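Note that the structure is predicted; figures quoted are calculated from it, not measured.
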Amino acid sequence: MARRNDHTREQLVQLTLKTVTNFLDQHSYHELSLRKIANMIGYVPSTLVNVFGNYNLLLLHVVAQTLDELTSESATAVEQSSNPQQALFNLAYCYHDFAQRHPHRWQLIFEHNMNGENLPEWQSNRIDKMIGMLEQLLVAIAPEHTESEVVKASRVLWSGVHGITLLSVDDKFFASEPIDGKELIDNLVSNYLTNW
């Protein structure tokens with residue numbers, strides 16, 4: 001078993017996050033526990049509690065890292081677009097594709113629960129950044145809408161894209177022929193923008 005001084009605090013954080021991320025490449029977070037993670041990295045559970053605070057916060061750091069990756073890929077997708085409307089479609093496709101590539105990590109983002117504790121500001125800022133990207137595109141597409149209308153539209157679009165992505169990742173469309181989630185996203189966003 002490794003001793004506390006085998007790694008610096010920062011090295012231990014990175015080792016833990018990398019180990020959990022690698023695990024989630026093939027397995028659900030439901031198969032994890034504090035003890036299992038500690039065993040995988042060669043430490044005792046109390047060391048991880050000392051570093052992260054508790055198991056819930058350890059998982060929240062994994063969620064944060066995943067959101068950082070999704071935000072980075074989303075920003076690239078938006079930047080490579082020729083106009084705000086195309087950027088909106090590319091943002092939605094990026095969301096869908098990320099979930100398809102990382103289904104267990106994506107699942108953890110939305111199933112993680114703070115169990116009554118307040119969400120730390122560092123995590124709230126990440127969420128605001130992702131939602132802000134969508135809101136900025138809607139403002140660029142239709143600047144005549146009020147801030148309240150933009151907020152509502154962003155939540156409608158995000159909810160729709162999220163729902164399609166969830167059904168796509170879980171293959172739960174219950175259709176006799178395969179359904180492409182990105183085609184449904186295209187349909188949703190096109191029709192919404194036309195009527196907005």
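S74 has its side chain out of reach of Y95: every pair of non-hydrogen atoms, C-beta onward, lies at least 4.5 Å apart. Proximity of L193 to F89: side-chain heavy atoms (C-beta onward) are separated by under 4.5 Å at one or more points. M130 places a side-chain heavy atom less than 4.5 Å from the side chain of L70. Annotation: side chain of T146 is in contact with side chain of E149 (closest heavy-atom distance under 4.5 Å). Between M133 and T71, some side-chain heavy-atom pair lies under the 4.5 Å cut-off. With a 4.5 Å cut-off on side-chain heavy atoms, Q80 and N90 do not count as touching. Contact of the D68 side chain with the R126 side chain is registered, since non-hydrogen atoms from C-beta on lie closer than 4.5 Å.
A 6.0 Å sphere centred on CD of E177 holds no more than 12 heavy atoms belonging to other residues, nucleotides or ligands. By the neighbour-count criterion of 12 heavy atoms within 6.0 Å, atom CG of N83 is densely surrounded, having more than that number from other residues, nucleotides or ligands. Around atom CD of Q11, more than 12 heavy atoms belonging to other residues, nucleotides or ligands sit under 6.0 Å away.
Remark: the backbone N or O of L12 is paired with a side-chain donor or acceptor of T16 at under 3.5 angstrom. With hydrogens and angles ignored, the 3.5 Å screen pairs a side-chain donor or acceptor of T194 with a backbone N or O of S190. Judged purely by atom type and a 3.5 angstrom limit, R35 has no side-chain atom pairing as donor or acceptor with the backbone of P45. Under a 3.5 Å cut-off, the side chain of S154 and the backbone N or O of V151 do form a donor-acceptor pair. For N56 (side chain) and N113 (main-chain N/O), a donor-acceptor pair under 3.5 Å exists by modelled atom type.
Separation of atoms OH (Y192) and CG (N187) is listed at 15.0 Å; rounding is to 0.5 Å. Of the inter-residue distances, the one linking L67 atom CG with S72 atom OG reads 12.0 Å to the nearest 0.5 angstrom. The CG atom of N54 sits 9.0 Å away from atom CG of L34, with the distance rounded to the nearest 0.5 Å. Note that CG of L15 and CE of M40 are 10.0 Å apart. Values are rounded to the nearest 0.5 Å. With rounding to the nearest 0.5 Å, the separation of OG in S124 from NZ in K129 is 14.5 Å. If you take CG on L88 and CD on Q136, they are separated by 12.5 Å, rounding to the nearest 0.5 Å.
In this structure, Y29 has its ring center no closer than 6.0 Å to that of H112. Side-chain rings of F110 and H162 approach one another, their centers coming within less than 6.0 Å. Between H96 and W106, the gap from one ring centroid to the other reaches at least 6.0 Å.
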E10 vs Q14, side chain to side chain donor-acceptor pair (under 3.5 Å): CA-CA, chis, key distance, verdict: CA-CA 6 Å; E10 185 57 36; Q14 294 309 314; 2.8 Å; yes

Could you give me the CA-CA distance, side-chain angles and deciding distance for Q107 and H30, then say whether side-chain contact (heavy atoms from CB on, under 4.5 Å) is met? CA-CA 10 Å; Q107 177 188 37; H30 296 292; 4.1 Å; yes

Let's go through L60 and Q123 carefully: what are the C-alpha distance in whole Å and the side-chain angles of both, what is the deciding distance for side-chain contact (heavy atoms from CB on, under 4.5 Å) to 0.1 Å, and is it a yes or a no? CA-CA 8 Å; L60 189 62; Q123 184 65 354; 3.9 Å; yes

Apply side-chain contact (heavy atoms from CB on, under 4.5 Å) to the pair K18 and N22, showing each step before the final yes or no. CA-CA 6 Å; K18 183 175 182 184; N22 289 342; 3.8 Å; yes

Is there a side-chain contact (heavy atoms from CB on, under 4.5 Å) between I37 and Y55? Walk through the geometry before answering. CA-CA 10 Å; I37 295 169; Y55 180 60; 3.7 Å; yes

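The nearest pair of heavy atoms linking P103 to V169 is CB-CG1, 3.7 Å. Between L58 and V20, the shortest heavy-atom contact is CD2-CG2, 4.2 Å. Across all their heavy atoms, P120 and L57 have their closest contact at CG-CD2, 4.4 Å. Closest approach of E69 to R105, counting heavy atoms only: OE2-NH2, 2.7 Å. What you find for L24 and L32 is that their closest heavy atoms are CD2-CD1, 4.3 Å. The two residues E135 and R155 have their closest heavy-atom pair at OE2-NH1, 2.7 Å.
Side-chain atoms of N195 and N191 form no donor-acceptor pair, as typed in the model, at a separation below 3.5 Å. H102 and T66 share no donor-acceptor pair across their side chains, judged by distance under 3.5 Å alone.
Ion pairing between a basic and an acidic side chain is recognised when a charged N comes within 4.0 Å of a carboxylate O; E147 and K152 show no such pairing.
Aromatic ring pairs are classed by plane angle as parallel below 30°, tilted from 30° to 60° and perpendicular above 60°; the pair H61 and W122 is tilted. Between H7 and Y43, the ring-plane angle classifies as tilted under the 30° and 60° cut-offs.
When each of L137, L157, V189, V161 is tested with L91 by the rule side chain to side chain contact (heavy atoms under 4.5 Å, CB included), just one qualifies, namely L137.
Partners of E73 under the salt bridge (charged side-chain N to carboxylate O under 4.0 Å, His left out) rule, at least two apart in sequence or in another chain, are R101.
Counting only residues at least two apart or on different chains, the salt bridge (Lys or Arg N to Asp or Glu O under 4.0 Å) pairs with a member in residues 180-194 are D97-K182.
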